[in-house]
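Note sheet for the following structure.
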Amino acid sequence: MNENLFASFITPTMMGIPIVLFIVMLPALLFPSPTRLIANRLISMQQWLISLILKQMMIIHSPKGRTWSLMLISLIMFIGLTNLLGLLPHSFTPTTQLSMNLGMAIPLWAGAVITGFRHKTKTSLAHFLPQGTPIPLIPMLVIIETISLFIQPMALAVRLTANITAGHLLMHLIGSATLALMSINPTTAFITFIVLILLTILEFAVALIQAYVFTLLVSLYLHDNS
């Protein structure tokens, strides 16, 4: 019970050297490249799932937007596996760090916006001023639309960070309560343990859903600018 509630969010170090880079690279090892002519069931299932997700995300895009398909499928795989690995006991979840999520969101958002200004300049500029706007409101609307544009990467990063962090904190609190109640009231502790199991199942779903939502929003930003 004396354990720091936020200890699991501290960047792990070894001999004073941060090892977060190795943790970030770990999900790539879970998707090995097939070396056989006929893939086994695991690799076949992975390829089928990747193809299904990619088809759903790319169906709305133009040929220019579909050039981002490898980037988007790599993004959803990385975030999803990182979130799932963070649910293991005594593990570190990089996606609970706002700095890392901003490091993913800002370049992707900037790339989508720059693509729009490069290939659809008039359409991109038209987003700052809706058609039929009264002349006195033009300066205010331009400012509001500009702010909303620059808030998009922040919203992406904060959404992912908040959802993953909240789930980890809730699991930690309920787990601590279960341990404390075992010696006081075993019946209540058993009920709390059932709640913890259900919450863990929910967090597995949240880990995958948040990866999909993050990637889908990046895909929509790209669709608006390509």
If you take all heavy atoms of [X] and [Y], which pair is closest and at what distance?
| X | Y | answer |
| --- | --- | --- |
| Ala180 | Ser183 | O-OG, 3.6 Å |
| Gly175 | Leu196 | CA-CD2, 4.0 Å |
| Thr200 | Met171 | OG1-CE, 3.7 Å |
| Ala105 | Pro153 | CB-O, 3.5 Å |

Among Ile143, Val142, Ile144, side-chain contact (heavy atoms from CB on, under 4.5 Å) partner for Thr146:
Val142
Quick check: is [Y] connected to [X] through a chain of hydrophobic side chains (ILVMFWY, heavy atoms under 4.5 Å apart)?
| X | Y | result |
| --- | --- | --- |
| Ile209 | Phe78 | yes |
| Leu202 | Leu84 | yes |
| Phe190 | Ile174 | no |
| Phe150 | Tyr221 | yes |
| Leu170 | Val206 | yes |

Nearest-0.5 Å distance, OG1 of residue Thr178 to CG of residue Leu173
10.5 Å
With rounding to the nearest 0.5 angstrom, report the CD1 to CG distance, Ile191 to Leu181.
10.0 Å
Answer yes or no: is there a side-chain heavy-atom contact under 4.5 Å between Leu149 and Trp109?
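SC-SC contact between Leu149 and Trp109 confirmed.
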For residues Ile79 and Gln210, determine if any side-chain heavy atom of one lies less than 4.5 Å from a side-chain heavy atom of the other.
no
Identified side-chain hydrogen bond (donor to acceptor under 3.5 Å, both in side chains) partner of Thr95 from the options Asn83, Thr82, Thr165
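One option only clears the test, and that one is Asn83.
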Keeping the roles fixed (side chain from [X], backbone from [Y]), state whether a donor-acceptor pair exists under 3.5 Å.
| X | Y | answer |
| --- | --- | --- |
| Arg159 | Phe214 | no |
| Ser219 | Thr215 | no |
| Ser148 | Glu145 | yes |
| Trp68 | Met58 | no |

Under the criterion side-chain contact (heavy atoms from CB on, under 4.5 Å), I'd like the reasoning laid out for Ile73 against Ile53: C-alpha separation, chi angles, the key distance, then a yes or no.
CA-CA 8 Å; Ile73 199 64; Ile53 296 173; 4.1 Å; yes
Check the pair Val113, Phe117 against side-chain contact (heavy atoms from CB on, under 4.5 Å), reporting the backbone distance first and the verdict last.
CA-CA 6 Å; Val113 172; Phe117 278 105; 3.4 Å; yes
Derivation and outcome, side-chain contact (heavy atoms from CB on, under 4.5 Å), residues Leu220 and Ile60:
CA-CA 9 Å; Leu220 292 176; Ile60 62 173; 3.9 Å; yes
Evaluate whether atom CD1 of Ile59 has more than 12 neighbouring non-hydrogen atoms of other residues, nucleotides or ligands under 6.0 angstrom away.
no
Step-by-step side-chain hydrogen bond (donor to acceptor under 3.5 Å, both in side chains) determination, Thr93 to His168
CA-CA 9 Å; Thr93 313; His168 282 59; 3.1 Å; yes
Give the intermediate values and the outcome of side-chain contact (heavy atoms from CB on, under 4.5 Å) for residues Asn101 and Met104.
CA-CA 5 Å; Asn101 295 335; Met104 292 190 296; 3.5 Å; yes
Side chains of Thr115 and Asn225: any donor to acceptor distance under 3.5 Å?
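The answer is no; no qualifying pair exists.
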